[in-house]
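By convention in this document, chain letters (A, B, ...) are assigned in the order of the sequence lines, proteins followed by strands, and residues within each chain are numbered from 1.
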Protein chains: 2
Amino acid sequence: MPVDSADIVDAFFERYRPKLTETAILLLTPNLKVLHHPKKHELIKANQTSGYAYLLVKGAARSYYLYNGTEINSWFAFENEMVGSLRNYNNLPSRETIELLEDSTLLSFNVNGIKPLMAENIEISNFINQVIGEYCLYLEDKLFYTHLRSARERYTALLAQEPNVFKRVPLTYIASFLGISRETLSRLRAK
Amino acid sequence: MPVDSADIVDAFFERYRPKLTETAILLLTPNLKVLHHPKKHELIKANQTSGYAYLLVKGAARSYYLYNGTEINSWFAFENEMVGSLRNYNNLPSRETIELLEDSTLLSFNVNGIKPLMAENIEISNFINQVIGEYCLYLEDKLFYTHLRSARERYTALLAQEPNVFKRVPLTYIASFLGISRETLSRLRAK
DNA sequence: ATGATTTTGTGACATAAATCAAATGGCCAA
DNA sequence: TTGGCCATTTGATTTATGTCACAAAATCAT
């Protein structure tokens with residue numbers, strides 16, 4: 001294990017304001033665990049209710065669901081991103097499967113252990129709500145930049161804003177994420 | 001004023017758990033105001049940062065933005081729905097204009113007054129986070145039921161899930177909400 | 001390495017939906 | 001009531017993107 005578990009926790013929490021104090025860290029720690037999983041491992045499965053969320057420390061993941069027998073990818077995530085199912089968090093079954101695209105290091109959050117802490121520790125509450133709030137803004141952006149835009153516009157926007165995706169994710173997955181066929185993506189790339 | 005301000009507040013807060021206690025209500029009250037505005041009034045304007053969110057007590061509203069000179073409608077809201085700009089809440093300018101579709105009665109929330117209360121009163125914090133959390137689930141649903149679906153599928157889904165929209169919103173607005181042209185919507189309706 | 005499987009690219013064709021162009025219908029104001 | 005302005009419908013045509021079929025390239029397992 002090249003990276004110390006505590007370092008991983010610290011690095012992530014730095015991003016969140018107000019910074020979590022020792023008290024909050026102490027409460028959270030028993031609910032955190034550093035994990036390693038190989039490519040293709042499924043963190044969360046469609047139609048199930050998982051009690052965990054994850055921070056991607058190293059690696060990549062995708063979220064997909066089946067529609068008319070084909071996989072539709074809804075997002076991709078990389079280092080320092082939180083992955084999980086918002087529906088799971090709200091005690092609903094996930095619609096999507098979250099699968100690792102590379103061998104990955106993860107920090108797992110035991111949601112069932114952490115949720116009760118929100119009532120007694122305002123920092124933890126703020127932390128979780130900030131994660132959800134950021135996700136909410138991301139969803140708004142995604143709708144805004146997708147709605148009524150052509151295949152080419154969506155493609156060039158993704159290329160500009162998230163070039164990593166094209167380096168680390170198979171084109172087949174990117175196509176359904178963009179809402180286009182594999183062939184169309186291939187032609188757009190050919191320019 | 002046919003409806004008492006306190007009744008309006010109570011009725012809305014009932015929806016949220018844990019129910020707000022007297023303490024929370026007392027803190028919130030100075031930041032609430034019942035308003036009446038005519039059709040076409042703009043609650044929030046594009047590219048500005050408003051300090052208010054609203055509960056639609058009676059009436060209807062739409063949110064739209066300009067794209068290539070034409071209005072794109074992003075949502076419609078009716079009785080008992082919260083309207084506002086998530087971007088405003090995060091101190092970013094709104095991308096959208098929120099306009100009343102009918103003469104309406106509103107309960108306004110002074111966000112700048114309420115936000116500081118979140119630190120001192122956990123109920124208020126939970127209340128706001130629940131509103132955001134529900135909006136987040138709504139956005140996920142909207143993406144899920146829109147992505148890679150045909151014009152007809154999106155149309156029939158809206159008709160099934162929100163028939164009110166077709167009774168109270170002009171078809172021109174509904175078309176851009178569905179991501180299709182007015183002509184196509186007309187043809188879909190003609191069956 | 002070698003062949004096998006999967007991923008990506010290319011061409012021909014089909015089709016959903018946009019666009020352009022009127023025509024019709026509703027609604028509001030004077 | 002009348003005219004005028006939107007909103008909606010209908011028709012003809014165009015266009016972007018999907019589908020099907022296969023070829024080429026890359027990746028994987030043995």
Do [X] side-chain atoms and [Y] backbone N/O form a donor-acceptor pair below 3.5 Å?
| X | Y | answer |
| --- | --- | --- |
| A:Lys115 | A:Tyr89 | yes |
| A:Asn73 | A:Ser176 | no |
| A:Ser74 | A:Ser63 | yes |

- Between C:dT7, D:dC28, C:dT10, which nucleotide gets closest to the side-chain atoms of A:Lys39? D:dC28
- Query: Taking the six-membered ring for Trp, is the centroid-to-centroid distance between B:Tyr65 and A:Phe144 below 6.0 Å?
  - Reply: yes
- Query: So, do B:Phe177 and B:Phe76 have ring centers that fall under 6.0 Å from each other?
  - Reply: yes
Rounding to a whole Å, what distance do you find between [X]:[atom1] and [N]:[atom2]?
| X | N | atom1 | atom2 | answer |
| --- | --- | --- | --- | --- |
| A:Asn68 | D:dG18 | CG | C1' | 14 Å |
| A:Lys167 | C:dT7 | NZ | C1' | 20 Å |
| A:Glu153 | C:dA18 | CD | P | 14 Å |
| A:Leu148 | C:dA17 | CG | P | 13 Å |
| A:Phe166 | C:dT8 | CZ | P | 11 Å |
| B:Arg149 | C:dA17 | CZ | P | 14 Å |
| B:Leu188 | D:dT8 | CG | P | 14 Å |
| A:Tyr155 | D:dG18 | OH | C1' | 19 Å |

- Find the bend of the helix from C:dA1-D:dT30 to C:dA30-D:dT1 as the angle between its two terminal axes (five pairs each), to the nearest 10°. 50°
- Are side-chain N/O atoms of B:Thr97 and B:Glu42 paired as donor and acceptor at under 3.5 Å? no
[X] vs [Y] side-chain heavy atoms within contact, under 4.5 Å:
| X | Y | result |
| --- | --- | --- |
| B:Asn164 | B:Glu162 | no |
| A:Cys136 | B:Leu86 | yes |
| A:Glu71 | A:Leu66 | yes |

- Query: What parts of residues 177-187 of chain B reach DNA chain D, counting only heavy atoms under 4.0 Å away?
  - Reply: B:Arg182, B:Glu183, B:Ser186, B:Arg187
- Most 5' of B:Ala190 and B:Tyr173 on DNA chain D, judged by nearest nucleotide: B:Tyr173
- Query: Should A:Arg189 be listed as having a side-chain N or O under 4.0 Å from OP1 or OP2 of C:dG9?
  - Reply: yes
